[in-house]
Colleague: 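For reference, the structure I am asking about is given below.
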Amino acid sequence: MAFATRRFVRSASSAAAKKLIVKHVTVIGGGLMGAGIAQVAAATGHTVVLVDQTDEILKNSRKGIEDSLKRMTKKMFTDKPEEMILRCMIYTQHWTVVWLIPDSARLLCWFLLLLPKSWALRSSHPRLTRKLVWTSLCFLDKQGSAVFEAAAQFIEKTLKNLTVSTDPVAVVHSTDLVIEAIVENLQVKNDLFKRLDKFAPENTIFASNTSSLQITDIANSTTRQDRFGGLHFFNPVPMMKLVEVIKTPMTNQKTFESLMEFTKALGKNPISCKDTPGFVVNRLLVPYLMEAVRLYERGDASKEDIDVAMKLGAGYPMGPFELLDYVGLDTSKYIIDGWHSLEPNNPLFAPSPLLNKLVEERKMGKKTGEGFYKYK
Ligand code: CAA
């Protein structure tokens, strides 16, 4: 009977699934992931409404987005020092002044600008290089050059595309795509989507950013399983280039294509995934992280040495303990616990007493100031 009902829903709603160019996006959940998704969508010209339960949460999300945009522009505008020097000279017209009036301040600017040009410095100290270029620009252009203007305009334009709301039902009536990034609780997600399903236009696509639940289980709370998929982003969203686009057996091909195109429009690199636990990245990453914890629990190596080993020996940007703290120990525990309940005999999914203890002590990683490491 359930099968027959599902088939009916599918055939009735498939007619409505068309390829959609996504312009208006509603992001539900103002946490790190939701705010990051909203930021990237707004920065790439989409109009975005970010939704969460209280104004206080949304105020924090907006503050986080503003800070991240500042960090991003700093990187965007200082990644190519030579280009920056040239642009700076053209825009500010200071270059003639630099030659004609070699006062100490101008000399310092030149020194700071030329220093990051050095290949050796740039490759060994990328962060220092960016800071030097930025400092140089600040010196050179106190009045506000075109460089700073472009950065400010980018931030302003992005923020203009972004509004916030505490009422998801009131905002979904004109949205092309709803992306959910709320708590990893199936019942809560299902209640939300069931409600939105009644108010969103027929052609609106629904997507979940879940990292541990099955997309199919969430989609089944709606009557639009064919217009439902997964969009799995990575932390920090503005920096990580990958998005996993999840197609369930019910996802219409047009819906899937719309989601692929949307992620490309965000400047991301999408990959196609089936609705399997952990999709691709987490299925490989989480067992690796858990193996690192077990190695440490057995006393085979210190966490510091394991982190160094994976950074210097395997070329990872962060060691496993740094990454666990960055992602959040509660998130990692949630994922592994879910998989363990599905496959209790799989040793890769075995829970870790140390991870459980840290989460119990509310040591969740960077966000709470302590995890495997302590943060100021
Ligand atoms: N917003 C905007 N810009 C940011 C940023 C953010 N949140 N984070 C970093 N940046 C930019 C800034 O320009 C920053 O410069 P400043 O610090 O001067 O502002 C610049 O990147 C460099 O950052 P860092 O010097 O701090 O460090 P980095 O060069 O090593 O880059 C990193 C940081 C991108 C996070 C890098 O360490 C990295 O790639 N780490 C691995 C992250 C990872 O594996 N993520 C996936 C986690 S798994 C997941 O998310 C899925 C899940 O379901 C659990």
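Numbering of ligands and ligand atoms starts at 1, following listing order. Position 1 is the first residue of the sequence; numbering continues from there.
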Colleague: Just one of N190, V169, V172 clears the side-chain contact (heavy atoms from CB on, under 4.5 Å) bar with R195, so which one?
Modeller: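 Considering N190, V169, V172, a side-chain contact (heavy atoms from CB on, under 4.5 Å) with R195 is found only for V169.
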
Colleague: Taking the six-membered ring for Trp and the single ring otherwise, decide whether the centroids of F279 and H232 are under 6.0 Å apart.
Modeller: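 Distance test on ring centres: under 6.0 Å, yes.
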
Colleague: If you take the nearest heavy atom of each of E184, K241, R71, which one is closest to atom 23 (O) of ligand 1?
Modeller: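 The residue whose heavy atom sits nearest atom 23 (O) of ligand 1 is R71.
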
Colleague: Just how far is it from atom OG1 of T210 to atom CD1 of I218, taken to the nearest 0.5 Å?
Modeller: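 These two atoms lie 4.5 Å from each other.
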
Colleague: With distance as the sole test, does D52 use its side chain to make a donor-acceptor pair with the main-chain N or O of G30 at under 3.5 Å?
Modeller: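 Checking the backbone N and O of G30 against the side chain of D52, a donor-acceptor pair under 3.5 Å is found.
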
Colleague: Closer than 4.0 Å to some heavy atom of S211 - which atoms of ligand 1 meet that?
Modeller: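 Every atom of ligand 1 under 4.0 Å from some heavy atom of S211: 53 (O).
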
Colleague: Closer than 4.0 Å to some heavy atom of P236 - which atoms of ligand 1 meet that?
Modeller: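 The atoms of ligand 1 under 4.0 Å from a heavy atom of P236 are 7 (N), 35 (C).
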
Colleague: Any side-chain donor paired with an acceptor under 3.5 Å for T248 and Q225?
Modeller: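 Result is no, nothing qualifies.
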
Colleague: Counting heavy atoms only, which part of V281 comes closer than 4.0 Å to ligand 1: side chain, backbone, both or neither?
Modeller: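 Near ligand 1, V281 shows nothing, with every heavy atom at 4.0 Å or more.
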
Colleague: Under 4.0 Å, heavy atoms only, figure out whether ligand 1 is touched by the backbone of V237, its side chain, both or neither.
Modeller: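 The answer is neither.
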
Colleague: Provide the number and element of each atom of ligand 1 under 4.0 Å from a heavy atom of V327.
Modeller: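 Counting from 1, the qualifying ligand atoms are 47 (C), 48 (S), 54 (C).
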
Colleague: Any atom of ligand 1 sitting under 4.0 Å from a heavy atom of H232?
Modeller: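 True for this residue.
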
Colleague: Going by heavy-atom distance to atom 42 (C) of ligand 1, choose the closest among L285, I335, N235.
Modeller: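 The residue whose heavy atom sits nearest atom 42 (C) of ligand 1 is N235.
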
Colleague: For the CZ atom of F206 and the OG atom of S221, what is their distance to the nearest 0.5 Å?
Modeller: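 One gets 8.5 Å once the value is rounded to the nearest 0.5 Å.
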
Colleague: Closest by any non-hydrogen atom to atom 49 (C) of ligand 1: pick that one out of F234, Y326, F279.
Modeller: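 It is F234 whose heavy atom sits nearest to atom 49 (C) of ligand 1.
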
Colleague: Flag the pair F321 / Y373 as yes when their ring centroid distance falls below 6.0 Å, and as no otherwise.
Modeller: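 No, the ring of F321 stays outside the 6.0 Å limit from the ring of Y373, centre to centre.
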
Colleague: At under 4.0 Å between heavy atoms, is it the side chain or the backbone of N282 that contacts ligand 1, or both, or neither?
Modeller: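 Under 4.0 Å from ligand 1, N282 contributes side-chain atoms alone.
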
